[in-house]
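Inspection log for the structure reproduced underneath, given as structure tokens.
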Amino acid sequence: MGAPLKYANGIQSFEKMRTGGYAYVDKTADIYRLVTSGSYYFLSRPRRFGKSLLLSTIEEFFRGNRALFRGLAIDSLAPEPWEEHPVLHFDMNPADYVNGENEIEGRLGDVVEHYETKYGIPPSDKSLARRFDTLIRTCHEKTGKRVVILIDEYDKPILDAMGDEALEEKNRTILKAFYGTVKSNDRHIRFFMLTGVGKLGNVNVFSGFNNIEDITFSTKFSTMCGITEQELHDVYHPGVVALAEEEGWTVEEAYAELKRYYDGYHFAKDLTDVYNPYSLILALKAPEIQSYWYQTGTPSYLLKALSGQRLSVDMFENQERSLDSLSFADVTRDNIVNTLYYTGYLTITRYDRRNKSVVLGFPNEEVRIGFMNNLLDVLTHSDMGGRYSLMAGMRDAIEDEDVDGLMERMRSFYSQFPSVLAGKNEAHYHDVFMAACGAMGFEVRAETPSSHGVSDLELFTKRTIYIFEFKVDSTPEDALRQIETQDYALRYSHDTRTVMLIGVNFSSSTRNIEAWVGKRNS
């Protein structure tokens with residue numbers, strides 16, 4: 001057996017990757033295609049999906065550091081010699097743009113000043129946009145080579161400021177002027193690329209350019225960020241073997257679990273699967289399956305968007321959109337479903353070629369569980385730590401077909417936030433119940449239609465199918481009777497699993513589960 005793999009979790013420097021001996025997935029053929037077929041690009045991908053490493057790799061290519069690329073695809077594709085270009089790389093990630101009104105000027109100003117010093121430009125009290133304009137022209141004049149401009153997470157100053165209209169507008173105005181400088185300097189620019197979570201209106205990036213190519217949905221570059229199934233096998237197979245040994249699985253079972261938890265992202269109509277690279281690499285390094293991406297924290301702008309809407313759990317799967325409407329969506333202004341797509345909580349699950357439409361849904365188990373926990377936070381004003389032990393008990397009761405144990409724990413669960421449920425209708429009680437079951441990792445379906453009606457909630461384990469009907473200020477017997485008279489279980493008549501029918505009644509006065517009745521379907 002060879003030396004164990006060296007995992008590069010969190011490393012965003014291509015130079016460090018290559019000189020440090022880390023396992024590396026070769027994306028340089030895509031990069032060569034990118035840099036030789038166009039000059040102005042925008043790419044949207046969720047956070048921690050490899051955008052920063054991508055730009056670092058492009059930077060090293062344009063700096064002419066061929067030694068770092070020896071043995072990679074681009075080494076044989078790109079002819080000698082490699083020209084060195086001045087590279088202006090702006091990383092908007094490090095700053096928190098809600099800490100002060102001048103944070104954005106400080107971040108941009110520090111980077112501009114760094115390059116001014118490097119290229120011998122004297123200090124100036126001009127505006128940031130004018131200093132950037134001078135920097136671009138001077139770099140070209142002094143080196144004789146046109147400039148490469150890379151801007152990572154260009155939208156972060158706007159997303160951080162969401163909810164503070166004055167600060168958001170101020171940041172938009174600054175970015176509009178700064179990024180707009182690029183348009184007037186076309187003759188000085190060899191290559192320009194922006195990355196971010198999504199598109200932003202009124203920043204003069206997309207409206208200001210006639211020639212910027214949005215490759216977010218391009219089939220040619222759909223796997224440029226993320227890890228494909230083949231790349232997982234080619235590069236990380238020893239890590240999968242180690243995970244299987246740690247967990248007592250076969251290697252095939254280890255691959256299946258990794259796929260279930262971290263695969264399933266589709267960024268173009270070709271529906272080519274890619275894994276979340278952040279979670280996949282951490283799982284192999286541990287080695288252990290966990291929700292690594294979710295543990296890094298939900299973006300504050302997403303929580304703000306969720307808190308500002310009436311939410312139900314059936315809003316987020318099987319959502320149909322035209323590909324054009326998704327492509328041109330403003331991540332800060334459109335509805336929550338589009339925002340969830342761009343932040344990585346939803347992905348394209350189907351593409352209708354005739355209508356040029358897509359269906360969106362959760363990509364994998366890690367995201368589904370993580371989002372259901374986010375939804376519970378919003379619906380109940382509680383946090384994951386406070387409900388963890390109760391949900392562990394609920395999970396055991398579900399697996400053991402212990403209906404009474406499940407409902408007693410669920411009653412304790414609802415008692416933690418009675419004031420939140422004041423005045424809520426049946427749908428809200430239903431949504432909390434379903435989000436809790438989803439956060440426990442179970443497959444759940446809301447409002448499943450049958451030939452006679454629509455069931456409230458269906459939950460699936462390997463051994464059992466649960467069919468729930470909810471009532472408020474009625475009786476659990478009425479709820480159970482509806483399941484039986486509407487024949488909701490008929491569709492599972494050939495399923496070998498046990499089918500449990502459960503009627504639940506909530507009390508609007510106590511704001512909790514009042515009573516329940518359950519039975520096996522005969």
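Remember, predicted model here, so these are calculated numbers, not experimental data.
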Do you see a donor-acceptor pair shorter than 3.5 Å between the side chains of [X] and [Y]?
X: E366; Y: S279; answer: yes
X: T228; Y: E231; answer: yes
X: D273; Y: H266; answer: yes
X: E458; Y: S455; answer: yes
X: Q12; Y: S56; answer: no
X: Y41; Y: S37; answer: yes
X: N93; Y: K156; answer: no
X: D270; Y: T272; answer: yes

What is the distance from atom [atom1] of [X] to atom [atom2] of [Y], rounded to the nearest 0.5 Å?
X: T498; Y: N521; atom1: OG1; atom2: CG; answer: 10.0 Å
X: D155; Y: Y97; atom1: CG; atom2: OH; answer: 10.5 Å
X: C437; Y: R395; atom1: SG; atom2: CZ; answer: 10.5 Å
X: M440; Y: M394; atom1: CE; atom2: CE; answer: 4.5 Å
X: Y492; Y: I467; atom1: OH; atom2: CD1; answer: 6.0 Å
X: D186; Y: S39; atom1: CG; atom2: OG; answer: 7.5 Å

- [ ] Any chance you could lay out the side chain to side chain contact (heavy atoms under 4.5 Å, CB included) test for I369 and N373, step after step, and finish with the verdict?
- [x] CA-CA 6 Å; I369 293 171; N373 272 298; 3.8 Å; yes
Got a salt bridge between [X] and [Y], using NZ or NE/NH1/NH2 to carboxylate O under 4.0 Å?
X: D352; Y: R354; answer: no
X: K259; Y: E229; answer: yes
X: R445; Y: E443; answer: yes
X: D30; Y: K220; answer: no
X: D75; Y: R66; answer: yes

Assess the pair [X] and [Y]: is the distance between their ring centroids shorter than 6.0 Å?
X: F90; Y: F178; result: yes
X: F468; Y: F433; result: yes
X: Y466; Y: F460; result: no
X: F362; Y: Y345; result: no
X: F267; Y: F221; result: no

Would a distance-only check, ignoring hydrogens and angles, find a side-chain to backbone donor-acceptor pair under 3.5 Å from [X] to [Y]?
X: Y261; Y: A256; result: no
X: R321; Y: V359; result: no
X: Y32; Y: L77; result: yes
X: K6; Y: G20; result: yes
X: R18; Y: R70; result: yes
X: E253; Y: T250; result: yes
X: Y342; Y: L326; result: yes
X: D91; Y: I151; result: no
X: W293; Y: G370; result: no
X: K51; Y: L194; result: no

Measure across [X] and [Y] and return the closest heavy-atom pair with its distance rounded to 0.1 Å.
X: G344; Y: P46; answer: CA-CG, 3.5 Å
X: M92; Y: P157; answer: CE-CG, 3.8 Å
X: L53; Y: S13; answer: CD1-C, 4.0 Å
X: V197; Y: E153; answer: N-OE1, 3.9 Å
X: F470; Y: D456; answer: N-OD2, 2.8 Å
X: I189; Y: I149; answer: CD1-CD1, 3.9 Å

- [ ] Step through the shown structure and confirm whether more than 12 heavy atoms of other residues, nucleotides or ligands are within 6.0 Å of CZ on R260.
- [x]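 Yes, CZ of R260 has more than 12 neighbouring heavy atoms, counting only those of other groups under 6.0 Å.
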Student check: side-chain heavy atoms of [X] and [Y] closer than 4.5 Å:
X: T195; Y: Y154; answer: no
X: T57; Y: L55; answer: no
X: D324; Y: K356; answer: no
X: L43; Y: M224; answer: yes
X: V147; Y: H85; answer: no
X: R47; Y: F49; answer: no
X: F42; Y: E213; answer: no
X: D214; Y: S327; answer: yes

- [ ] May I have the step-by-step check of side chain to side chain contact (heavy atoms under 4.5 Å, CB included) for I215 and L34, ending in yes or no?
- [x] CA-CA 10 Å; I215 59 172; L34 190 76; 3.6 Å; yes
Open item on the list: Here's a test for you: under ring pair (Phe, Tyr, Trp, His ring centres under 6.0 Å), which of F61, F62, Y40 qualifies with F191?
Closed with: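 Going through the options one by one, the only one that passes is F62.
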TODO: Please confirm whether R63 makes a cation-pi placement over W82, using NZ or CZ under 6.0 Å from the six-membered ring centre and within 45° of the ring normal.
DONE: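 No.
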TODO: Examine K285 relative to Y7 and say whether NZ or CZ is less than 6.0 Å from the centre of the six-membered ring and inside a 45° cone about the ring axis.
DONE: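 The answer is no, since K285 fails at least one limit relative to Y7.
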Open item on the list: Pair D26, T28 - check side-chain hydrogen bond (donor to acceptor under 3.5 Å, both in side chains), show working.
Closed with: CA-CA 6 Å; D26 186 358; T28 60; 2.6 Å; yes
Open item on the list: Under the criterion side chain to side chain contact (heavy atoms under 4.5 Å, CB included), I'd like the reasoning laid out for L340 against L360: C-alpha separation, chi angles, the key distance, then a yes or no.
Closed with: CA-CA 10 Å; L340 286 168; L360 305 179; over 6 Å; no
Open item on the list: Run V274 and I227 through side chain to side chain contact (heavy atoms under 4.5 Å, CB included) and show every step you take.
Closed with: CA-CA 5 Å; V274 293; I227 296 173; over 6 Å; no
Open item on the list: For N65, run the side-chain hydrogen bond (donor to acceptor under 3.5 Å, both in side chains) check against E15, E59, E60 and tell me which one passes.
Closed with: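 Only match with N65 under side-chain hydrogen bond (donor to acceptor under 3.5 Å, both in side chains): E60.
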